[in-house]
Amino acid sequence: MAKSIPEFSTHATCYSHGNKSSYATPSNCFIHFTTSSRTTLLSSNLNVPRSSSIVGSSALLTHTINNNINAKICKFCEVGNIRNAMELLRTSKSSELELNTYCSILQLFAENKSLQEGKMVHSIISSNGIPIEGALGAKLVFMYVSCGDLREGRKVFDQFLNDKVFLWNLMMFEYAKIGAHHESIYLFNKMQNLGIAGNSYTFSCVLKCFAAVGKAGQCKRIHGNVLKLGFGSYNTVVNSLISAYFKSGGVESAHKLFDELIDRDVVSWNSMISGCVMNGFSQDGLEFFVRMLVLRVGVDLATLVNALVACANIGNLALGRALHAQGVKGCFSREVMFNNTLLDMYSKCGNLKDAIQVFEKIGQTTVVSWTSTIAAYVREGLYDDAIRLFYEMETKGVRPDTYAVTSVLHACACSNSLDKGRGVHNYFRKNNMAISLPVSNALMDMYAKCGSMKEAHLVFSQIPVKDAVSWNIMIGGYSKNSLPSEALKLFAEMQEESRPDDITMACVLPACGSLAALERGREIHGHTLRNGFSSELHVANALVDMYVKCGSLSHAQLLFDMIPKKDLISWTVMIAGYGMHGFGNEAIATFEKMRAAGIEPDEISFTSILYACSHSGLLNEGWEFFNSMKSQPSFKPKLEHYACMVDLLARTGNLSKAYSFIETMPIKPDATIWGALLCGCRIHHDVELAEKVAEHVFELEPENTGYYVLLANIYAEAEKWEEAKKLREKIGRRGLKKSPGSSWIEIQGKFAVFVAGDTSHPQAKDIDSLLKELRMKMKSEGYSPKMRYALINADDTVKEVVLCGHSEKLAMAFGILNLPPGRTIRVTKNLRVCGDCHEMAKFMSKTTKREIILRDSNRFHHFKDGSCSCRGFW
DNA sequence: ATAGGGTTAG
């Protein structure tokens with residue numbers, strides 16, 4: 001998270017490009033050096049009386065007067081009388097003033113932080129023709145830096161060559177303080193090139209900077225330097241080394257240094273606790289804390305704060321409370337930082353009440369207190385309270401920072417409230433708040449999570465320099481909001497403009513999955529291998545899921561088996577994969593293996609296994625899983641679980657059982673539940689029940705055209721043309737439009753999309769004649785086309801034409817025409833496959849000796865040698 | 001005259 005500091009970054013750019021015209025180049029320094037050596041001669045004339053007798057006596061007189069003036073100014077400085085000191089300085093002649101006098105007055109202004117007066121002295125020095133160098137130059141720099149004008153201080157610093165380590169340290173330290181670590185490192189390197197040896201301060205500072213910019217290798221190098229120069233026993237330096245190693249992941253090196261350190265002070269111990277905590281070893285950190293107590297090392301505020309963070313991370317509420325008590329005893333309970341950490345600890349340990357109590361008792365709040373409390377409310381799902389607190393903070397005069405802003409946006413995202421999110425965004429605009437990169441990212445994330453990719457993109461398009469997070473949020477947002485083509489498009493753009501990381505992979509792979517874009521998915525798989533991302537668990541899981549959804553179950557299985565430490569997601573993805581492809585028994589075996597591996601299923605893995613049972617018609621097994629879930633007190637079956645059971649009962653022909661199951665549900669059934677039964681009515685041709693069920697469905701979701709079509713089809717299949725027609729007219733009257741069925745096939749990374757009756761395709765003629773030929777063959781081999789699916793009350797010839805025009809048939813035929821013999825044909829359809837197409841696919845797989853994998857909106861159908869893996873369960 | 005450890009989000 002680099003803060004942008006324009007004035008310093010321009011420096012850095014100049015230096016790194018070796019720009020000769022920059023005022024800070026060594027050659028420029030040399031010019032200043034030579035000019036000033038000339039004036040050094042002049043200035044020494046001021047203080048050394050000449051030897052000539054006549055001139056000499058007057059010079060002596062001048063000298064005495066000068067001394068008086070200089071002494072007077074110094075006296076004024078001593079007592080802090082700025083006005084008189086300045087007055088005297090201004091009215092005195094240049095020749096009367098000594099360098100020391102300037103120094104004393106600059107020192108005073110440095111201590112008083114009087115920048116304006118300091119600047120005046122600077123201009124007097126310049127107009128008096130005094131060269132800026134040596135002690136005076138150093139003092140001038142010190143004045144500017146002390147007064148907070150680092151930029152002006154740097155200008156003076158660059159004007160002369162100096163070898164004062166203190167001054168270099170000062171500059172480095174100031175840059176480090178404002179986060180300009182690179183600038184600090186630049187100065188360190190320059191110092192080394194000039195042959196100026198650093199001291200312990202130098203190394204402490206530069207180690208911090210290297211750690212901050214993530215240069216672990218440099219820390220090692222500096223470590224060597226430190227030992228060579230004999231700072232290996234300096235406490236401050238070793239402590240800096242320890243924390244630098246920790247910050248760059250060198251946990252072992254840090255521990256080794258600590259073990260070898262003889263004089264450990266409280267900072268050494270604190271560094272160990274914080275280092276362990278930041279590397280995810282909170283328990284180890286707490287052990288260092290306990291060792292401190294045993295050895296009676298004094299504990300300070302930082303110790304308690306670090307230990308509290310450790311407790312928060314591992315949820316150790318008991319120790320957290322003990323630390324609270326210890327803090328009160330040690331009089332830290334007035335410290336804001338202590339209270340902030342404390343309230344965060346309570347919240348993270350699941351104790352909102354105590355967290356709020358700490359917050360309400362804090363005498364003095366900072367933006368951190370508010371942010372932590374906002375996050376505490378979000379943790380408990382109290383999003384409105386969190387948002388309210390954000391606005392309340394403003395009325396208390398606390399200005400929100402990046403953390404506060406991202407937290408409140410997260411609250412909006414979690415509450416799934418686009419209006420509240422927009423409200424916060426408007427609040428930023430009204431208050432002219434700077435929208436930094438992290439804030440833009442949080443805004444995009446909020447809009448994406450609330451489903452408005454349009455607004456997310458608007459924010460995205462206004463970011464001048466995007467980082468990987470920005471791209472990932474957009475790509476993942478498109479994937480999650482069912483805009484997979486947009487996700488893939490943006491991923492391609494990202495590859496041109498930025499560096500995709502492991503998270504990018506996990507964001508873009510689901511898009512391949514939802515498009516069944518196997519070739520693109522394979523490409524991205526290659527990308528993860530080349531970049532070493534595939535060892536990341538979330539990437540591996542995403543890959544398995546992608547192969548499952550792209551219909552390549554064997555690849556999914558292969559990758560799944562290769563995951564060394566599978567988590568709940570890995571298992572759930574594979575169980576769902578087996579289910580979707582109709583391998584119910586494999587899904588069950590995998591579920592049992594997961595339990596044997598000590599991983600307990602959650603609600604989602606139960607949904608997956610129940611669907612797997614339903615897709616394979618495993619009625620008894622499904623009941624068993626459903627009952628075992630109900631027997632666990634921590635689980636309450638949700639709507640989706642009931643939907644699976646209804647689906648399972650209905651598919652297996654237990655329609656009336658399904659009906660009574662719905663009636664006895666403890667929660668109110670929604671349209672999906674009734675819809676599952678309606679679907680079963682279609683499979684088992686129960687028109688009477690279908691009408692009864694449809695009433696429920698239409699009442700719950702009157703706008704969803706899919707259900708009207710479903711009932712219309714049930715009528716048509718029963719050849720009840722009048723009813724079908726009425727229903728279709730009803731749809732028309734309501735202005736509802738059926739979402740058109742479409743199918744697509746990916747060939748060489750490009751998608752060919754077909755809609756029913758499409759004749760615009762360049763190969764339409766070939767496709768048509770191939771389908772006609774297949775139909776003839778089918779007929780001659782005794783297949784009768786399933787006229788029912790034409791759903792038009794016309795004579796059979798017309799029906800046959802319409803049947804041939806179904807999008808999945810077109811896509812399959814296109815695949816046969818364009819893919820080399822023997823290659824598997826993979827087709828995806830946005831709706832459920834039609835019965836006649838299903839029959840024809842079986843036939844196609846036999847006569848063309850091709851494997852056809854058809855994914856519909858519900859599951860996969862593998863057609864091979866004239867049969868389908870679904871065995872009729874669809 | 002300059003230092004090392006310390007709170008909040010995603």
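Only heavy atoms go into these numbers, but all of them, side chains included; no hydrogens, no water, no symmetry mates. Bear in mind the structure is a predicted one, so any value in this text is a computation, not a measurement. Letters go in sequence order (proteins before strands), and every chain restarts at 1.
Taking every side-chain heavy atom of A:N235 into account, B:dG4 is the closest of B:dG4, B:dA9, B:dA1. Picking from B:dG4, B:dA9, B:dT7 the nucleotide with the shortest atom distance to the side chain of A:T402 gives B:dA9. The side chain of A:S372 lies closest to B:dT8 when the candidates are B:dT8, B:dG5, B:dG4. Residue A:V266 places its side chain closer to B:dG5 than to any other of B:dT7, B:dG5, B:dA9. Listed nucleotides B:dG4, B:dG10, B:dA9 differ in distance to A:T371; the shortest reach to its side chain belongs to B:dA9. Side-chain proximity of A:D344 to B:dT8, B:dA1, B:dG5: nearest is B:dT8. For A:Y403, the side-chain atoms get nearest to B:dT8 when compared with the rest of B:dG4, B:dT2, B:dT8. Checked against B:dG10, B:dT2, B:dT8, the side chain of A:D445 finds its nearest nucleotide in B:dG10. The side chain of A:K247 approaches B:dG5 more closely than any other nucleotide in the set B:dT2, B:dG5, B:dT8. When distances are taken from the side chain of A:N340 to each of B:dG5, B:dT2, B:dT7, the shortest belongs to B:dT7.
Between A:I362 atom CD1 and B:dT8 atom C1' there is a gap of 12 Å when expressed in whole angstrom units. Rounded to an integer number of Å, the gap from CD1 of A:I374 to P of B:dG10 is 11 Å. Taking atom OH on A:Y346 and atom P on B:dT8, their separation rounds to 16 Å, with Å as the unit. Rounded to whole Å, atom P of B:dG10 lies 11 Å from atom CG of A:L409. For the pair A:K139 NZ and B:dT2 P, the interatomic distance rounds to 12 Å; values are reported in whole Å. If you measure from atom CD of A:E111 to atom P of B:dA1, you get 8 Å, rounded to the nearest angstrom. Summarising the geometry, the separation between CD1 on A:I473 and P on B:dG10 is reported as 12 Å, rounded to the nearest angstrom. The distance from atom CH2 of A:W168 to atom C1' of B:dA3 is 19 Å, rounded to the nearest whole Å.
Counting non-hydrogen atoms under 4.0 angstrom, A:V267 reaches a base of the nucleic acid. Using a 4.0 Å heavy-atom distance criterion, A:T406 is classed as a base contact. Contact annotation for A:R264: no contact, since no heavy-atom pair falls under 4.0 Å across all strands.
For the OP1/OP2 pair of B:dG5 and a distance below 4.0 Å, the side-chain nitrogens and oxygens of A:S243 include at least one atom meeting the criterion. The phosphate of B:dG5 has OP1 or OP2 within less than 4.0 Å of a side-chain N or O from A:K208.
A:N239 and A:T236 form no side-chain donor-acceptor contact under 3.5 Å, judged by distance and modelled atom types alone. For the residue pair A:T341 and A:D344, no side-chain donor N or O sits within less than 3.5 Å of a side-chain acceptor on the partner. Between the side chains of A:Y346 and A:Q357, no donor-acceptor pair of N or O atoms lies under 3.5 Å.
The aromatic ring of A:Y201 sits over the base of B:dT2, with ring centres less than 5.5 Å apart and planes tilted by under 30°.
Interface remark: the A:D265 side chain does form a donor-acceptor pair with the B:dG4 base, using a distance-only criterion of under 3.5 Å. The base of B:dA3 lies close enough to the side chain of A:T236 for a donor and an acceptor atom to sit less than 3.5 Å apart. Judged by distance alone, with hydrogens and angles left aside, A:S200 brings a side-chain donor or acceptor within reach of the base of B:dA3, the pair sitting under 3.5 Å.
The closest donor-acceptor contact from the side chain of A:N313 to the backbone of A:G280 lies at 3.5 Å or more, if one exists at all. The main-chain N or O of A:F281 is never found under 3.5 Å from a side-chain atom of A:N279 such that the two would form a donor-acceptor pair.
Between A:D259 and A:K256 there is no salt bridge, since no side-chain N of the basic residue sits under 4.0 Å from a carboxylate O of the acidic one.
Relative orientation of the A:F460 and A:H457 rings is tilted, given thresholds of 30° and 60° on the angle between their planes.
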